[in-house]
Amino acid sequence: MTESTLGIGFIGSGFVTQFHLQAWRGVRDADVLGVYSPNTEHAEATAAKARELRLGDARPFRSIEEMIAAPEIDCVWLCGPNHLRVQNMQAICDAIQLGKGKLIGIACEKPLARNVREAQRMVHLVEQSGLLHGYLEDQIFAPVVTRGREIMWSRAAALTGRPYLARAAKEHSGPHSPWFWQGELQGGGVLNDMMCHSIEVGRFMLTKPGAPRSSIRPREVSAQIASLKWSRPEYAEILKKNMGTDVDYKTKPSEDFARATINYVDEENKPLIVEVTTSWSYVGPGLRLTLEVLGPEYSLSMNSLDSGLKLFLSREVKGVAGEDLVEKQNAEQGLMPVMGNEAAEYGYEAQDRYFVQCFLDGRQPEENFYDGLEITELLMTAYMSAEQGRTIKFKPAGLDTYVPLVAQGLWNGR
Ligand SMILES: NC(=O)c1ccc[n+]([C@@H]2O[C@H](COP(=O)([O-])OP(=O)(O)OC[C@H]3O[C@@H](n4cnc5c(N)ncnc54)[C@H](O)[C@@H]3O)[C@@H](O)[C@H]2O)c1
């Protein structure tokens, strides 16, 4: 690349795009110049937000094709809903095939796709297009995670041996848009939505810095899913009222709890374990991310709700409901955790900076579509294990065409 500043276009103007815009205040060498959303008003509002934050002279686009063809757009951040992922990617590739624009890179939100077949399609399309590609997994860029990993490996593991157990969790009280709750659209329930983060951060912590992903290998997966809260009649009613009649958890639930254990082996075939749990049935102050890593003479732990700032609001402070203190906030009173800079602390800022730098240098990011594909394979193996009630060797036969019952709308909640 000869240019020193990249032009970025966002596909999607929803919740996650707003996080990326907040993060972009800490990103150098890239201006936000475009936003596409099928809802023109949303695209305009998000482009206006980017301009207001002085992130670049962003303008709304009426189609993906038009945005890809725009000469100022060098890279795309793919942030649409899961069920439109492949369609969005196809639209990008079709525009490139027609010789439109000068795109060099694409960064795709998690999960890469709803199942293995679709994830393979994403990989195929990106390979065919010749674009550089990144898989957006913010947690492995969170400053506490990268700093913790660096110190743990350089100081403790170097002297006493590698870490062998990582436990990770992501939990909150449930997602904000109806499509997340619909198994067929989202690709599953909370397992597909959030376990992708925990699996990857666990794998990341147990991988020696500088060593390839293949240095530790998944061998088997055991998992369990359940609908603990949202299929209860009173909560199914609340959900339908808030999310619309297409979200009916009395007849068609998705799991709101999932756990999995992934057994890996290291370079010497020694056992390593990644233990993950996730839920949409956790009611605390807000989104909670936890991580623990154990090694022979050390351990590391973090909890995102143990924030540096706690704000106490008495019963006289009767404000409206919001998410101004922490993502997926559940209260506006009492002792509440506050994040100083959420987008940075969750990892969005370092993540977006990293991908911009890679694209600017013409370098393939280390976290890319191949990683997204392997994570999808692990998630689908976890669903298989939960459905069959047994531990499954990785990779199982039939994985390529497997679609979880939850994603077919056929799961009965048990
Ligand atoms: N990294 C994270 O922690 C994290 C957090 C939230 C969401 N996500 C991921 O980001 C993606 C978007 O999630 P969200 O929370 O922003 O969802 P959302 O429901 O808030 O927004 C979805 C957006 O998709 C756009 N859209 C609708 N139809 C489209 C189409 N045909 N083509 C392109 N865009 C279309 C709209 O702009 C809409 O605002 C999902 O894949 C989700 O899994 C990641």
Side-chain angles (χ1 to χ4, degrees), residues 9-23 34-47 49 60-68 76-92 95 106-114 118-119 122 134-142 145 168 170-172 174-182 185-201 243-244 247 278 280 286-289 304 323 326-328 342-352 355 367 372 375-376 379:
F10 277 93
I11 293 179
S13 59
F15 183 84
V16 87
T17 301
Q18 307 308 318
F19 257 106
H20 284 293
L21 293 189
Q22 292 302 322
V35 179
Y36 163 71
S37 164
N39 182 321
T40 318
E41 279 172 29
H42 290 175
E44 273 166 13
T46 303
K49 180 84 191 164
F61 285 92
R62 280 172 313 200
S63 70
I64 291 179
E65 295 71 16
E66 190 185 288
M67 188 161 85
I68 302 304
V76 159
W77 258 233
L78 185 43
C79 302
N82 298 4
H83 56 290
L84 297 165
R85 190 79 91 227
V86 174
Q87 190 181 308
N88 288 167
M89 187 69 193
Q90 186 74 56
I92 296 167
I106 177 162
C108 178
E109 260 301 339
K110 56 54 61 174
L112 186 64
R114 289 180 295 183
E118 285 190 356
M122 292 290 286
Y135 173 68
L136 296 167
E137 174 41 73
D138 55 303
Q139 277 194 39
I140 64 166
F141 293 92
V145 169
K170 180 168 185 177
E171 299 175 281
H172 61 54
H176 50 278
S177 292
W179 66 266
F180 280 96
W181 297 91
Q182 293 167 260
L185 299 184
Q186 196 254 105
V190 70
L191 190 155
N192 197 52
D193 182 35
M194 304 212 297
M195 195 182 270
C196 48
H197 293 292
S198 308
I199 285 181
E200 189 55 351
V201 79
M243 295 290 156
V247 181
T278 185
W280 290 338
L287 165 68
R288 180 173 67 178
L289 299 167
S304 62
E323 284 199 50
V326 64
E327 183 184 339
K328 303 286 184 297
E342 252 187 320
E345 288 174 49
Y346 292 149
Y348 288 88
E349 186 179 298
Q351 164 191 263
D352 289 343
F355 287 112
E367 190 76 5
I375 294 161
T376 308
L379 293 171

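Side chains included, hydrogens not; waters and symmetry mates left out as well; all remaining heavy atoms used. On a predicted model such as this, the values are computed, not experimentally measured, just so you know. Order of listing sets the numbers, starting from 1, for every ligand and every atom in it.
A heavy-atom distance below 4.5 Å is not found between the side chains of Y36 and V76.
Side-chain contact annotation: N192 with Q186, donor-acceptor N/O pair under 3.5 Å present.
With respect to E137 and K110, no salt bridge is recorded, no charged nitrogen being found less than 4.0 Å from a carboxylate O.
Crowding of H42 atom NE2: a count of heavy atoms from other residues, nucleotides or ligands under 6.0 Å not exceeding 12.
Contacts of ligand 1 (protein heavy-atom distance under 4.0 Å) are I11, G12, S13, G14, F15, V16, Y36, S37, P38, C79, G80, P81, N82, L84, R85, N88, E109, K110, P111, D138, K170, H176, S177, W179, F180, H197, Y348.
Between F19 and Y346, the ring planes lie tilted relative to each other; the angle falls in the 30° to 60° range. Using a 30° and 60° split on the angle between ring planes, W181 and W280 fall in the tilted class, from 30° to 60°.
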